[in-house]
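Along the sequence shown, residues are numbered consecutively beginning with 1.
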Amino acid sequence: MHYQDDFESLLAFSLPTKNRKNKQLISLNQCYKIMDKIHYGVLSFTHEGLPYSVALNHIIVDNRIFFHCAKSGYKLNSIEQRATYLIVEDLGINLKAGTHNHNSVAVFGTVHEVTEFETKKAALLKIVSHLAPEHPYNDKMVDTTNIIELEIDYINGKTHIR
């Protein structure tokens, strides 16, 4: 669909905001390219009325966003909760224009714990190869690491270059 189409009627939720400058919007394909290039973002959710944001590494497998984490910790409160994930590609400051150039991708969805062994293994293998290629992988890591997925409802990307 295109941004000008009535996509909002198809969503299971209402968008918190819309981009006012349509010329800044980027395609879904460009969003995935940025998410593949930048492996770091901020996951935000609310737990017991308290907003919480945590910086995480992510990987994309089959257009699905995965994160690794410990078996305990506050971010596990995001499981089965609606969340947003923001990835920013820093393109530097333009001092003459007085602006910070960047591309950004905002993902809206629901966080789920991944329990299926093969899915966890595929995500973990990609995480290790991207973030710790010197670290030897073994199947025991699948049991000792939590993998969570942000089930994507909606992705919005924009570019800000001046």
Side-chain angles (χ1 to χ4, degrees), residues 1-45 52-69 75 78-79 81-114 116 118-135 137 141-142 145-162:
M1 296 189 91
H2 298 285
Y3 287 106
Q4 64 268 25
D5 293 341
D6 179 27
F7 65 90
E8 288 183 88
S9 65
L10 303 174
L11 297 175
F13 58 92
S14 61
L15 293 175
T17 185
K18 285 186 186 179
N19 192 318
R20 297 169 320 208
K21 300 176 182 174
N22 284 342
K23 67 182 179 183
Q24 290 183 331
L25 296 173
I26 60 176
S27 71
L28 184 61
N29 187 40
Q30 290 170 300
C31 290
Y32 275 102
K33 284 181 181 178
I34 291 168
M35 290 190 295
D36 257 344
K37 179 179 178 183
I38 308 297
H39 296 280
Y40 186 79
V42 177
L43 180 71
S44 299
F45 61 94
Y52 183 75
S53 296
V54 59
L56 293 170
N57 293 304
H58 71 272
I59 51 97
I60 307 290
V61 177
D62 297 328
N63 294 332
R64 297 166 66 187
I65 302 173
F66 295 97
F67 313 96
H68 73 292
C69 60
K75 73 180 75 123
S78 69
I79 294 174
Q81 301 294 322
R82 294 194 27 99
T84 60
Y85 186 61
L86 179 66
I87 301 105
V88 177
E89 180 181 21
D90 184 349
L91 300 174
I93 295 174
N94 180 338
L95 296 175
K96 290 181 182 177
T99 190
H100 197 139
N101 293 328
H102 66 280
N103 293 318
S104 62
V105 177
V107 183
F108 300 82
T110 303
V111 177
H112 301 288
E113 183 176 9
V114 178
E116 201 272 316
E118 290 303 320
T119 304
K120 281 182 76 172
K121 181 178 178 178
L124 198 52
L125 279 169
K126 190 161 184 183
I127 289 168
V128 170
S129 71
H130 278 300
L131 303 176
E134 304 290 321
H135 193 286
Y137 169 84
M141 294 169 68
V142 176
T145 305
N146 250 9
I147 301 291
I148 58 177
E149 174 186 3
L150 179 59
E151 179 185 5
I152 300 169
D153 289 328
Y154 176 72
I155 296 176
N156 184 15
K158 73 175 190 174
T159 187
H160 180 87
I161 300 175
R162 292 191 183 139

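Side-chain atoms of N103 and T159 include a donor-acceptor pair closer than 3.5 Å. With no hydrogens or angles considered, no side-chain donor-acceptor pair links E149 and H112 at under 3.5 Å.
L86 and S104 make their closest contact through CD1-CB, 4.3 Å (heavy atoms, listed as atom of the first residue, atom of the second, distance). When all heavy atoms of L150 and G109 are compared, the closest pair comes out as CD1-C, 3.6 Å. Here the closest heavy-atom approach between residue A123 and residue V61 is recorded as CA-CG2, 4.4 Å.
For the ring pair (Phe, Tyr, Trp, His ring centres under 6.0 Å) test, residues two or more places apart in sequence or in another chain that qualify with Y85 are H58, F67. Remark: S44 engages S53 in a side chain to side chain donor-acceptor pair (under 3.5 Å) (not counting sequence neighbours). Evaluation of the ring pair (Phe, Tyr, Trp, His ring centres under 6.0 Å) rule for F45 yields Y52 as partners, not counting sequence neighbours. Legend: residues meeting side chain to side chain contact (heavy atoms under 4.5 Å, CB included) with D90, ordered by chain and number and at least two apart, are H100. In this structure, the side chain to side chain contact (heavy atoms under 4.5 Å, CB included) partners of Y32, at least two apart in sequence or on a different chain, are L28, M35, I60, N63, I152, I155. By the side chain to side chain contact (heavy atoms under 4.5 Å, CB included) test, K33 is found to be paired with N29, residues two or more places apart in sequence or in another chain being considered. Under the side chain to side chain donor-acceptor pair (under 3.5 Å) criterion, S129 pairs with no residue, sequence neighbours left out. Annotation: side chain to side chain donor-acceptor pair (under 3.5 Å) contacts of E113 (sequence neighbours excluded): none. With sequence neighbours left out, H130 forms a side chain to side chain contact (heavy atoms under 4.5 Å, CB included) with H39, I59, K126. Remark: Q81 engages no residue in a side chain to side chain donor-acceptor pair (under 3.5 Å) (not counting sequence neighbours).
For the atom pair CD1 (I147) and NZ (K121), the distance works out to 13.5 Å, reported to the nearest 0.5 Å. A distance of 10.5 Å separates NZ in K158 from CD1 in I26, rounded to the nearest 0.5 Å. Atoms CD1 and CG, on I79 and N146 in that order, are 6.0 Å from each other to the nearest 0.5 Å.
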Exercise. Using the side-chain contact (heavy atoms from CB on, under 4.5 Å) rule, take V114 and F66 through it: C-alpha gap first, then chi angles, then the decisive distance, then the call.
Key: CA-CA 9 Å; V114 178; F66 295 97; 3.7 Å; yes

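Residues E89 and K37 meet the side-chain proximity criterion, which asks for heavy atoms closer than 4.5 Å.
In this structure, T145 contributes its side chain and V142 its backbone to no donor-acceptor pair below 3.5 Å.
Applying the salt bridge (Lys or Arg N to Asp or Glu O under 4.0 Å) test to residues at least two apart or on different chains, none of the pairs has a partner in residues 96-111.
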